[in-house]
Protein chains: 2
Amino acid sequence: MDTSQLLKGVLDLAVLAALRDEDGYGYEVLRRLRQAGLDEVGDASVYGTLRRLFRAGVLTSYVVPSEEGPHRKYYSLNDTGRTKLEESVRTWKDFTDTMGQLLKGAA
Amino acid sequence: MDTSQLLKGVLDLAVLAALRDEDGYGYEVLRRLRQAGLDEVGDASVYGTLRRLFRAGVLTSYVVPSEEGPHRKYYSLNDTGRTKLEESVRTWKDFTDTMGQLLKGAA
DNA sequence: GCGTAGTACTGCGCTATGCGTAGTACTATC
DNA sequence: GATAGTACTACGCATAGCGCAGTACTACGC
């Protein structure tokens with residue numbers, strides 16, 4: 001089973017969760033996710049997801065110049081984003097419960 | 001969040017699990033999955049997954065004529081399939097654990 | 001001063017896979 | 001003979017994660 005396929009649809013949720021308590025820029029979100037255990041997630045996937053979520057109107061964005069490298073594009077959850085996060089968490093939990101039922105008794 | 005995206009990669013696992021205890025044909029597997037709670041899964045997705053798993057060599061297949069409709073193509077887990085099922089279950093559990101960590105404290 | 005490494009982001013094209021739809025074919029029922 | 005349910009196949013689409021190349025800036029070592 002390929003982990004990259006499992007991420008489909010879930011990366012949105014993971015990124016939203018990573019921004020829940022604190023704003024963050026792409027590279028940092030990537031580090032947060034990898035540290036949380038999603039060590040195989042690609043950088044382009046995270047940047048892409050951030051852009052997609054931004055276009056979808058659930059994130060706001062602001063650029064901060066950095067003194068130790070290139071500028072950083074910070075992202076922040078807005079109200080729509082927080083609502084979407086809650087909804088997505090529920091959908092995810094329902095889904096994993098269903099799968100748990102199906103796998104009951106398996107290995 | 002879209003349920004159909006969540007299924008990516010997981011449908012393999014669901015189908016293998018549905019065939020764990022008993023052989024089954026496509027239409028029946030579809031019913032088992034829907035009954036288990038995956039009520040939005042499309043029929044073409046299940047047939048496609050069965051064909052893919054068959055090509056991958058984890059399922060064997062035999063055709064049984066039916067007296068109450070068209071013929072039925074039964075699928076059966078072979079040893080490779082059972083191994084893959086166990087592996088996939090582990091991958092899935094690890095993945096959901098990781099996500100659980102990430103979502104800890106969320107809604 | 002130049003190459004390498006780390007940071008930070010963008011854009012392009014590929015691929016896997018679930019889904020919608022149409023089509024085939026058989027049985028049963030009205 | 002038309003419709004509905006069963007059972008499967010085939011075609012093409014859309015989504016989204018990923019690999020890779022490219023840009024740009026800082027810092028360190030030679």
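Labels below follow one simple rule: chain letters A, B, ... track the order of the sequence lines, proteins then strands, and each chain is numbered from 1.
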Side chains of B/K104 and B/Q101, donor plus acceptor under 3.5 Å:
yes

Do any N or O atoms from the side chain of A/T96 and from the backbone of A/W92 form a donor-acceptor pair under 3.5 angstrom?
yes

So, OP1 or OP2 of C/dT10: does either fall under 4.0 Å of a side-chain N or O from A/K73?
yes

Once rounded to the nearest 0.5 Å, what's the spacing between atom CG of B/D23 and atom CG of B/L77?
8.0 Å

Output the rounded distance in Å from CG (A/L7) to C1' (C/dG18).
17 Å

Verify, without hydrogens or angle tests, whether B/R32 (side chain) and B/A17 (backbone) share a donor-acceptor contact under 3.5 angstrom.
no

Mind calculating the distance between NZ (B/K8) and C1' (C/dT15) to the nearest angstrom?
10 Å

In whole Å, I'd like the distance from the CG atom of A/L6 to the P atom of C/dG18.
11 Å

Could you state the CG-P distance from B/D2 to C/dG18, rounded to the nearest angstrom?
13 Å

Main-chain N/O of A/G57 paired with A/N78 side-chain donor or acceptor, under 3.5 Å:
yes

Among the nucleotides D/dC8, D/dC25, D/dA16, whichever has the atom closest to the side chain of A/P70 is D/dC25

Give the rounded distance in Å between these two atoms: CZ of B/R72 and C1' of D/dC8.
12 Å

So which one's nearest nucleotide on DNA chain D is more toward 5', A/G9 or B/S66?
B/S66

Would you check if the side chain of A/S88 reaches a backbone N or O of A/K84 as a donor-acceptor pair within less than 3.5 Å?
yes

In terms of side-chain heavy atoms, does A/D43 have a donor or acceptor partner in A/Y27 at a distance below 3.5 Å?
no

Going by heavy atoms closer than 4.0 Å, what residues in residues 39-63 of chain B are next to DNA chain C?
B/E40, B/V41, B/G42, B/A44, B/S45, B/T49, B/R52

Encoded 5' to 3' (Watson-Crick or G-U under 3.5 Å; [ ] crossing; | other strand), DNA chain D becomes ||||||||||||||||||||||||||||||

Would you confirm whether A/R72, through its side chain, and A/V64, through its main-chain N or O, come within 3.5 Å as a donor-acceptor pair?
no

Closest heavy-atom contact between B/F54 and B/L59?
CD1-O, 3.2 Å

Distance (rounded to the nearest 0.5 Å) between A/L7 CG and A/L33 CG:
9.0 Å

Start with the C-alpha gap between B/L13 and A/L102, add the side-chain angles, then the distance that decides, and say whether side chain to side chain contact (heavy atoms under 4.5 Å, CB included) holds.
CA-CA 10 Å; B/L13 173 56; A/L102 204 60; over 6 Å; no

Residues touching DNA chain D, which here means a heavy atom under 4.0 Å, drawn from residues 24-38 of chain A:
none

Whole-Å gap separating P (D/dG17) and CD (B/Q5):
7 Å

